[in-house]
A.B. asks: 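Before anything else, here's the structure in question.
No hydrogens, no waters, no symmetry mates; every other heavy atom, side chains included, goes into these values.
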Amino acid sequence: MRRFLAIVVGALVLLATPLAAPFASASPPTLRQLAARHDLRIGTAVDMAALDADPVYRQRTGSEFSTVTAENVMKWEVLEPQRGQYDWSAADELMSFARRHGQAVRGHVLVWHNQLPAWLNETDFSAAELRNILRQHIFDTVGHFRGRIWQWDVVNEAFNEDGTLRDTICLRKLGPGYIADAFRWAHQADPKAKLFYNDYNIEDVNAKSDAVYALVKSLRAQGVPIDGVGVQAHLTVDAPPTTFRENLKRFDRLGLDTAITEADVRMVLPPDAAKLRAQADVYRDILGDCLATRHCISFTVWGFTDKYSWVPGWFEGEGAANLLDENYQPKPAYDAVRAELAARSVAHAA
């Protein structure tokens with residue numbers, strides 16, 4: 001009888017205990033958890049020096065994001081500083097970090113006119129020599145990471161603002177066919193990787209995005225293995241895109257994936273409440289446009305904290321472009337991204 005009474009009393013005590021306390025201390029879902037409800041990968045570019053030295057940066061990179069992009073350490077000048085001598089160490093470190101945290105990796109970048117090794121720029125190679133060098137670079141790089149890269153930015157920023165092809169060493173020596181060749185070689189080196197063309201200022205329907213559209217449509221018609229278009233989305237608070245969704249959807253209709261690959265939203269410093277609200281609106285709107293596009297498969301920010309932002313070094317007097325401030329405190333933009341993912345999750349579930 002005493003045992004029976006003890007069980008009854010214990011049960012009554014449990015029933016009387018408020019249930020709110022344990023749940024109140026539960027952590028809110030991360031960005032990656034919210035994005036997963038949409039089958040969307042959410043990612044960040046990674047500064048490897050910060051990843052090594054800053055434990056808060058390392059923790060947030062691993063917990064908040066489901067993809068990572070090498071900010072610099074997969075670029076040609078870093079991987080092959082001397083011809084034929086590769087340094088994979090920093091890139092391999094990022095790959096290991098991603099594996100430990102269950103993250104997919106965006107490879108950035110195979111063919112670009114910037115951050116080329118000095119030996120490539122300083123030597124007047126013949127067209128045949130350059131073609132072989134480019135082919136070897138793609139096969140060596142993609143082959144090294146074969147089976148471990150989700151998306152490759154194969155060709156980056158090949159167009160001018162007016163839609164003409166940019167004057168680069170590849171265009172001058174090899175002609176416009178270098179673009180198709182790069183995609184073919186990347187596919188041969190890793191048939192499972194998704195291959196993207198990537199560019200900036202192509203958020204809206206404009207001369208540049210029209211040229212990209214014509215390019216990728218032509219590549220598809222030729223049977224070139226291109227899977228998607230990366231829209232960088234380096235934006236400002238005072239000039240947000242107005243036809244972004246329309247633009248994404250036309251690539252979608254070609255049967256291509258799209259991805260927002262380098263999003264940040266800069267402002268004239270110092271920040272104030274109005275600028276921060278405008279920034280939040282831009283982040284929310286471009287994410288919403290991605291979520292409204294069937295084959296927009298990932299949303300990547302180009303860094304997530306103002307502490308390590310590239311913007312002040314490139315745009316004089318501008319900055320504060322990321323989701324968190326320099327002290328890792330969430331800005332209205334972070335809250336807007338969370339709210340957009342959560343609200344649309346609820347709507348989708350309903």
A.B. asks: For the residue pair D204 and T243, confirm or rule out a side-chain donor-acceptor distance under 3.5 Å.
C.D. replies: yes

A.B. asks: Do W76 and Y86 pass the ring pair (Phe, Tyr, Trp, His ring centres under 6.0 Å) test, and can you show the C-alpha distance, the side-chain angles, and the key distance before you say yes or no?
C.D. replies: CA-CA 10 Å; W76 199 342; Y86 285 92; 9.0 Å; no

A.B. asks: So, for M74 and A70, which heavy atoms are closest and what is the spacing to 0.1 Å?
C.D. replies: CG-CB, 3.8 Å

A.B. asks: Between S218 and A214 (side chain of the first, backbone of the second, donor and acceptor by atom type, cut-off under 3.5 Å), is there such a pair?
C.D. replies: no

A.B. asks: Charged N to carboxylate O under 4.0 angstrom, D272 versus R277?
C.D. replies: no

A.B. asks: Is a side-chain N or O of E203 found less than 3.5 angstrom from the main chain of A233, in a donor-acceptor match?
C.D. replies: yes

A.B. asks: Test side chain to side chain contact (heavy atoms under 4.5 Å, CB included) on K194 and W152 and set out the steps.
C.D. replies: CA-CA 6 Å; K194 284 184 174 289; W152 270 111; over 6 Å; no

A.B. asks: If you take the centroid of each ring, where Trp contributes its six-membered ring, are H234 and W310 closer together than 6.0 Å?
C.D. replies: yes

A.B. asks: Any side-chain to backbone donor/acceptor pair from N322 onto L324? Under 3.5 Å, distance only.
C.D. replies: no

A.B. asks: Can Q136 and D140 be counted as having a side-chain donor-acceptor contact under 3.5 angstrom?
C.D. replies: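 Yes - a donor-acceptor pair under 3.5 Å links their side chains.
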
A.B. asks: Testing the 3.5 Å rule here: is there a donor-acceptor pair between the side chains of S298 and Q151?
C.D. replies: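 Yes - a donor-acceptor pair under 3.5 Å links their side chains.
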
A.B. asks: In the structure I gave you, are the side-chain heavy atoms of V301 and D264 within less than 4.5 Å of one another anywhere?
C.D. replies: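 No, side chains not in contact.
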
A.B. asks: What about the rings of F183 and H187, do their centers lie closer together than 6.0 Å?
C.D. replies: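 No: the rings miss the under 6.0 Å criterion.
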
A.B. asks: Quick one: list whatever passes disulfide bond (SG atoms under 2.5 Å apart) with C290, sequence neighbours left out.
C.D. replies: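 With neighbours one apart ignored, the set is C296.
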
A.B. asks: Answer whether the closest heavy-atom distance between the side chains of R284 and V337 falls below 4.5 Å.
C.D. replies: no

A.B. asks: Can a salt bridge be assigned to the pair K249 and D289 using a cut-off of 4.0 Å between side-chain N and carboxylate O?
C.D. replies: no

A.B. asks: Hey, are E161 and N206 close enough side-chain-wise for a donor-acceptor pair under 3.5 Å?
C.D. replies: no

A.B. asks: So does K173 pair up with D124, basic N to acidic O under 4.0 Å?
C.D. replies: yes

A.B. asks: So, D306 versus Y328: side-chain donor-acceptor pair below 3.5 Å or not?
C.D. replies: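 No donor-acceptor contact under 3.5 Å links the two side chains.
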
A.B. asks: If I compare all heavy atoms of A280 with all of A336, which pair ends up nearest, and what's the gap?
C.D. replies: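 Distance-wise, the nearest heavy atoms are O-CB, 3.7 Å.
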
A.B. asks: Can you tell whether the side chains of D181 and R184 come within less than 4.0 Å, N to carboxylate O?
C.D. replies: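 Yes.
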
A.B. asks: Quick check: closest heavy atoms across Q279 and A320, and the distance to 0.1 Å?
C.D. replies: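 Q279 and A320 have their closest heavy atoms at NE2-O, 2.6 Å.
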
A.B. asks: Report yes or no: is the cationic atom of K208 (NZ for Lys, CZ for Arg) closer than 6.0 Å to the six-membered ring centre of Y200, at no more than 45° off its axis?
C.D. replies: yes

A.B. asks: Return yes if a side-chain donor-acceptor contact under 3.5 Å exists between E93 and S89, otherwise no.
C.D. replies: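 Not at all, the side chains of E93 and S89 share no donor-acceptor pair under 3.5 Å.
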
A.B. asks: Counting N and O atoms only, with roles assigned by atom type, does the side chain of N247 sit under 3.5 Å from a partner on the main chain of V205, one being a donor and the other an acceptor?
C.D. replies: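 Side chain of N247 to backbone of V205: no pair is present.
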
A.B. asks: Hey, are E157 and Q232 close enough side-chain-wise for a donor-acceptor pair under 3.5 Å?
C.D. replies: yes

A.B. asks: Could you tell me whether a side-chain N or O of R106 sits under 3.5 Å from a main-chain N or O of T261, the two making a donor and an acceptor?
C.D. replies: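 No; zero donor-acceptor contacts below 3.5 Å.
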
A.B. asks: Enumerate donor-acceptor pairs with a distance under 3.5 Å from any side-chain N or O in residues 39-52 to protein atoms, sequence neighbours excluded.
C.D. replies:
from	atom 1	to	atom 2	distance (Å)
R41	NH1	S66	O	3.1
D47	OD1	A49	N	3.0
D47	OD1	A50	N	3.1

A.B. asks: Do we see a donor-acceptor contact under 3.5 Å between the side chains of E64 and Y334?
C.D. replies: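 Per modelled atom types, E64 and Y334 side chains form a pair under 3.5 Å.
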
A.B. asks: Using the benzene-type ring in the case of Trp, are the ring centres of H108 and W302 under 6.0 Å apart?
C.D. replies: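 When the ring centroids of H108 and W302 are compared, they turn out to be within the sub-6.0 Å range.
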
A.B. asks: Could you tell me whether the side chain of L171 reaches within less than 4.5 Å of the side chain of R166, counting heavy atoms only?
C.D. replies: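 The answer is no; the side chains never approach within 4.5 Å.
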
A.B. asks: With under 30° as parallel and over 60° as perpendicular, where do the rings of F125 and W119 fit, or are they tilted in between?
C.D. replies: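 Geometry flag for W119 against F125: perpendicular rings.
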
A.B. asks: So which of T258, D252, D257 actually passes side-chain hydrogen bond (donor to acceptor under 3.5 Å, both in side chains) with H295?
C.D. replies: D252

A.B. asks: Between the main-chain N or O of T61 and the side-chain N or O of Q103, is there a donor-acceptor pair closer than 3.5 Å?
C.D. replies: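 A pair under 3.5 Å: yes.
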
A.B. asks: Between the main-chain N or O of I169 and the side-chain N or O of H113, is there a donor-acceptor pair closer than 3.5 Å?
C.D. replies: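 Checked: no pair found.
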
A.B. asks: Tell me if a side-chain donor or acceptor on D227 pairs with a main-chain N or O of L195 at a distance below 3.5 Å.
C.D. replies: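 Yes.
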
A.B. asks: Side-chain donor-acceptor pair under 3.5 Å between Y197 and N156, yes or no?
C.D. replies: no

A.B. asks: Under a plain distance cut-off of 3.5 Å, with no hydrogens placed, do D285 and Y283 share a side-chain donor-acceptor pair?
C.D. replies: no

A.B. asks: Would you say the side chains of S63 and R32 form a donor-acceptor pair under 3.5 Å?
C.D. replies: no

A.B. asks: Mark yes or no: R135 above the aromatic ring of F139, with NZ or CZ under 6.0 Å from the six-membered ring centre and no more than 45 degrees from the axis.
C.D. replies: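 Output yes; distance and angle both within limits.
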
A.B. asks: Counting distance only, does the side-chain N/O of K275 pair as donor-acceptor with the main-chain N or O of P270 below 3.5 Å?
C.D. replies: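 Looks like yes, one N/O pair under 3.5 Å.
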
A.B. asks: State, yes or no, whether a side-chain contact exists between W150 and I297 at a heavy-atom distance under 4.5 Å.
C.D. replies: yes

